[in-house]
There are 2 protein chains.
Amino acid sequence: MYANANVIEPTTTSCRELPWVEFQSNQQRVHVYSAREALFCEGDSAQFVYEVLDGVVCCYSLLSDGRRQVLSFSYPGDLIGLVQGDSHRYNCDTLCPTQIRCIPRNMLLRTAHERPEVGEKLLTFATTELAAMQDHFVSIGRKSAQEKVASFLLTLAHRHAIEPTGSVTLRLPMTRADIADYLGITIETVSRCLSKLKIAGVIDLPQSATVVIRDVDNLRDFAERD
Amino acid sequence: MYANANVIEPTTTSCRELPWVEFQSNQQRVHVYSAREALFCEGDSAQFVYEVLDGVVCCYSLLSDGRRQVLSFSYPGDLIGLVQGDSHRYNCDTLCPTQIRCIPRNMLLRTAHERPEVGEKLLTFATTELAAMQDHFVSIGRKSAQEKVASFLLTLAHRHAIEPTGSVTLRLPMTRADIADYLGITIETVSRCLSKLKIAGVIDLPQSATVVIRDVDNLRDFAERD
DNA sequence: CGTGAGGTTGATCGCTTTCAACGGAGGTGG
DNA sequence: CCACCTCCGTTGAAAGCGATCAACCTCACG
């Protein structure tokens with residue numbers, strides 16, 4: 001999908017250590033998914049933990065009446081499905097063509113038991129995830145729509161460039177609906193906020209899935225004050 | 001900050017919860033706090049991990065203009081401050097008189113390295129915390145004010161009675177402002193929603209800090225369908 | 001009994017949602 | 001190759017929910 005685009009790609013900036021754990025076992029497999037395929041659904045038995053090798057996936061919860069809350073977007077190096085209990089509590093879909101390593105959960109936990117450094121890695125992952133969710137809580141709970149959208153773009157920018165300055169080009173593998181359900185607003189509001197940032201000269205939108213951040217510092221102001 | 005707090009000898013044990021880890025070391029201490037004291041603040045060096053033995057504490061983030069997002073309420077048995085990195089990323093206050101066990105973080109991590117079952121306990125705690133936060137995301141992001149308040153009461157009820165049925169009495173150690181900042185709404189809205197539940201006969205409010213859930217099933221309807 | 005913090009309730013405002021129309025990009029089939 | 005279709009995104013207008021502003025109440029405490 002973004003293979004031939006001239007933009008920053010998630011895999012090229014991997015400062016993360018891949019893969020998570022080196023196994024001799026042949027129990028783990030790498031699966032290839034196309035866009036908008038389900039990795040697992042709420043209620044599915046949590047036999048595997050999934051590591052994103054390439055592409056992007058999206059975890060989300062559904063209410064009975066169809067309302068959706070996107071919980072996270074996971075990029076290469078991220079781990080998904082490390083749950084407590086035996087079944088998944090949310091759904092997980094790919095957003096674009098994606099490579100996933102499936103690691104049997106009991107094998108991972110057994111390895112963690114035998115090799116302290118693996119357990120530490122898992123704990124590090126979990127606490128890092130917690131910190132990211134805490135930041136997102138502030139966005140969802142206490143920021144205006146405009147601030148939410150600006151913060152979202154900044155978070156993505158930080159993911160792909162450790163210290164973003166000046167101009168940064170981002171590719172958005174997710175739709176406006178995904179962003180809206182992540183930020184707790186509607187697609188129309190996402191669109192309006194992006195337009196406002198464009199009119200303000202803070203970003204550019206050459207295509208709907210490509211955002212050029214023209215001024216990171218200016219965007220930062222929008223993320224916490226406008 | 002807690003240096004001049006009243007220190008109880010490590011031999012003192014809580015009647016409510018087993019301690020997370022039994023140490024021979026005298027490095028860990030139990031501290032007693034009164035209501036509305038700070039355990040730590042954003043930016044403080046994260047030297048300790050804290051276990052609530054008795055009482056309730058509240059973790060929160062602040063935006064530069066004073067807006068606040070409460071991240072969690074922690075009850076006896078809960079662990080606080082298990083962060084990645086060397087400094088705390090949020091603030092933590094007691095809500096009422098509280099006993100806290102302070103565990104040196106490097107000691108806890110060293111123990112986890114040496115004893116797999118301790119590492120597993122930490123990981124279990126982190127993944128349980130993640131699951132709770134995911135549920136809360138749905139509340140904050142996609143529920144109406146009325147649903148948020150009803151969900152909040154249900155979550156508290158589940159905390160204190162595994163399978164709440166019929167009538168449940170809850171004591172709220174947090175103020176309306178704490179609840180509002182937890183749910184991403186205002187104190188006036190919290191108050192109005194509670195009043196609506198009272199008028200509907202779902203709850204009773206003998207005092208402002210005491211909620212009697214008269215019909216848990218009915219409350220459950222309010223929590224996801226208004 | 002005065003005081004102040006926390007809580008409730010009412011009235012109004014404004015941001016976001018909802019409803020609706022339109023535009024553009026990509027895919028398909030004639 | 002082009003007409004057509006559908007999905008996604010954008011923009012406008014109106015409606016509604018929760019925020020804001022304000023008054024009053026309740027209770028603990030000195």
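So you know, we letter chains A, B, ... as the sequences are listed, proteins then strands, and number each from 1.
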d([atom1], [X]; [atom2], [N]) in whole Å:
X: A:Ile179; N: D:dT10; atom1: CD1; atom2: P; result: 9 Å
X: A:Ile199; N: D:dT10; atom1: CD1; atom2: C1'; result: 11 Å
X: B:Leu172; N: C:dG7; atom1: CG; atom2: P; result: 9 Å
X: A:Glu147; N: C:dT16; atom1: CD; atom2: P; result: 9 Å
X: B:Gln207; N: C:dG6; atom1: CD; atom2: C1'; result: 14 Å
X: A:Leu205; N: D:dG9; atom1: CG; atom2: P; result: 11 Å
X: A:Ile187; N: C:dA20; atom1: CD1; atom2: P; result: 15 Å
X: B:Arg176; N: C:dT9; atom1: CZ; atom2: P; result: 10 Å

Specify the residue among A:Ser208 and B:Ile185 whose closest nucleotide of DNA chain D lies further upstream toward the 5′ end.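 Whichever sits nearer the 5' end wins; that is A:Ser208.
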Relative to the 5' end of DNA chain D, which residue comes earlier, B:Arg192 or A:Thr189, by the nucleotide with the nearest heavy atom?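 Closest to the 5' end, via its nearest nucleotide, is A:Thr189.
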Would you tabulate the side-chain donor-acceptor contacts of residues 30-39 of chain A under 3.5 Å, counting partners in other chains and residues two or more places apart, or write 'none'?
{"unit_1": "A:Ser34", "atom_1": "OG", "unit_2": "A:Glu37", "atom_2": "OE1", "d": "3.1"}
{"unit_1": "A:Arg36", "atom_1": "NH2", "unit_2": "A:Asp178", "atom_2": "OD2", "d": "2.4"}
{"unit_1": "A:Glu37", "atom_1": "OE1", "unit_2": "A:Ser34", "atom_2": "N", "d": "2.7"}

Checking side-chain contact (heavy atoms from CB on, under 4.5 Å) against A:Ile179, which of A:Thr189, A:Leu172, A:Ile185, A:Val149 comes through?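 Only one of A:Thr189, A:Leu172, A:Ile185, A:Val149 forms a side-chain contact (heavy atoms from CB on, under 4.5 Å) with A:Ile179, namely A:Leu172.
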Given A:Phe152, which partner from the list A:Leu156, A:Thr155, A:Leu154 fulfils the side-chain contact (heavy atoms from CB on, under 4.5 Å) test?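 Among A:Leu156, A:Thr155, A:Leu154, the one meeting side-chain contact (heavy atoms from CB on, under 4.5 Å) with A:Phe152 is A:Leu156.
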Whichever of A:Ala145 and A:Glu188 has its nearest DNA chain C nucleotide further upstream toward 5':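 Looking at the nearest nucleotide for each, A:Ala145 comes out on the 5' side.
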So, is the end of the B:Arg68 side chain (NZ or CZ) under 6.0 Å from the ring centre of B:Tyr60 and within 45° of the ring's axis?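 Verdict for B:Tyr60: a cation-pi partner in B:Arg68.
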Does D:dA19 have OP1 or OP2 sitting under 4.0 Å from an N or O in the side chain of B:Thr186?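 Indeed, a polar side-chain atom of B:Thr186 lies that close.
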Looking at every strand, decide which applies to B:Ser195 at a 4.0 Å heavy-atom threshold: base, sugar-phosphate, or nothing.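 Sugar-phosphate, backbone atoms only, no base.
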